[in-house]
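Basis for what follows: all heavy atoms, side chains included, without hydrogens, waters or symmetry-related copies.
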Amino acid sequence: MREGHEGTGPGTITPDGCAVELYSRLPVGDEPDIITAAVPAGARILELGSGVGRMTHPLLERGFTITAVDESAEMLDRVRGARTVCGPIEDLHLDETFDVVLLASFLVHAGDEEVRRGMLRTCARHVEEKGCVLIQREGEDYHTDLPRERVDPSGFTLRILSADPVGDGVNSVRAEYVFPDAIWTQTFRARPLTAEQFEEALAEAGLRVDRYLTQDRVWVRAVKR
């Protein structure tokens, strides 16, 4: 288990506190639409932190070729139709490049700065010179509009219960997923980043913002500097 991360609930819990059974239930949102609109048709995508394939499978259906990376073999066992690579994102060296590198799920907010730096270096190392990196950031009030909850149309409730400081600009975030037949919790460490801090982190890895893809600036298209 990664330091400061834990999870509870039925089934296997991954090193960052995610539950495989939970993520197998979560519906895909508008992410595939955002990604499809930002990249060339038929692009080769390196998906970092793919989990069980929640976004992988819809992107495959849209004609993309996916290499799915996750540090959990149990997560990758649920992925179908994509090449899979098991291991930490920050240590990835595939000796090849891709049209698109995808770093979603707020992974850029890793509490450990060295992990974040390693992830962004992985993005820069694996993207084609004229390719792009798509990154999902936290919303501006992610750590302050608390507690909050969202009832999903598919029948579960997501609650972000707290985000407590643990030092060095890092918060311990606690989330709860309530289904009619099961409850999962996840506790993880996340580092809030202003837009300026985010862009500085990109620059350190040799990347820059090309444009923000959504009005809330959560989704970003980055390119090499």
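Between Ser24 atom OG and Arg54 atom CZ the span is 11.5 Å, to the nearest 0.5 Å. Remark: Tyr177 OH to Leu26 CG distance equals 6.0 Å, nearest 0.5 Å. In this structure, Met75 CE and Asp77 CG are separated by 11.0 Å, a value rounded to the nearest 0.5 Å. Atoms CD and CG, on Glu47 and Leu60 in that order, are 8.5 Å from each other to the nearest 0.5 Å. Here SG of Cys132 is found 8.0 Å from CZ of Arg211. Values are rounded to the nearest 0.5 Å. Distance CG/Leu102 to SG/Cys123: 8.5 Å, rounded to 0.5 Å.
Not a single donor-acceptor pair under 3.5 Å links the side chain of His57 to the backbone N or O of Val79. A distance-only check finds no donor-acceptor pair linking the side chain of His5 to the backbone of Phe188 [under 3.5 Å]. Between the Glu199 side chain and the Glu196 main chain, no donor and acceptor come within less than 3.5 Å of each other. With hydrogens and angles ignored, the 3.5 Å screen pairs no side-chain donor or acceptor of Asp168 with any backbone N or O of Val170. Remark: side-chain polar atoms of Glu21 are not paired, donor with acceptor, to backbone N or O of Ala19 under 3.5 angstrom. Of the possible polar contacts, one joining the Arg44 side chain to the Thr97 backbone as a donor-acceptor pair under 3.5 Å is found. Although no hydrogens or angles enter the test, the distance criterion places no donor-acceptor pair under 3.5 Å between the side chain of Arg191 and the main chain of Asn171. At least one donor-acceptor pair under 3.5 Å links the side chain of Thr214 to the backbone N or O of Trp219. For His93 (side chain) and Asp91 (main-chain N/O), a donor-acceptor pair under 3.5 Å exists by modelled atom type.
Partners of Glu204 according to the side-chain hydrogen bond (donor to acceptor under 3.5 Å, both in side chains) rule, which considers only residues two or more places apart in sequence or in another chain, are Arg117.
Put simply, the side chain of Val151 does not reach to within 4.5 Å of the side chain of Phe156, judged on heavy atoms. Proximity of Leu120 to Leu103: side-chain heavy atoms (C-beta onward) are separated by under 4.5 Å at one or more points. The closest side-chain heavy-atom distance from Glu128 to Phe98 is not below 4.5 Å. Between Arg148 and Ile160 there is a side-chain heavy-atom pair separated by less than 4.5 Å. Between Trp184 and Val178, every side-chain heavy-atom pair lies at or beyond the 4.5 Å cut-off.
Using modelled atom types, one finds a donor on one side chain and an acceptor on the other under 3.5 Å when comparing Thr14 with Asp16. A donor-acceptor contact under 3.5 angstrom links the side chains of His143 and Glu138, judged on distance only. Thr56 and Ser50 share no side-chain donor-acceptor pair at under 3.5 Å.
Salt-bridge annotation for Glu96 and Arg125: absent, with no side-chain N of the basic residue lying under 4.0 Å from a carboxylate O of the acidic one. Taking 4.0 Å as the cut-off between side-chain N and carboxylate O, Arg2 and Glu90 count as a salt-bridged pair.
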* Trace of the side-chain contact (heavy atoms from CB on, under 4.5 Å) decision for Arg189 with Asp112 -> CA-CA 8 Å; Arg189 291 188 176 179; Asp112 186 324; over 6 Å; no
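Aromatic ring orientation, Tyr212 versus Phe198: tilted (interplanar angle from 30° to 60°).
With Leu134 as the fixed residue, the side-chain contact (heavy atoms from CB on, under 4.5 Å) test singles out one of Val101, Asp210, Ile34, Leu213: Leu213.
Both the sub-6.0 Å distance and the 45° axial angle are satisfied by Arg25 relative to the ring of Phe179.
Residues Leu22 and Val52 share a single hydrophobic cluster, defined by chaining ILVMFWY side chains whose heavy atoms lie under 4.5 Å apart.
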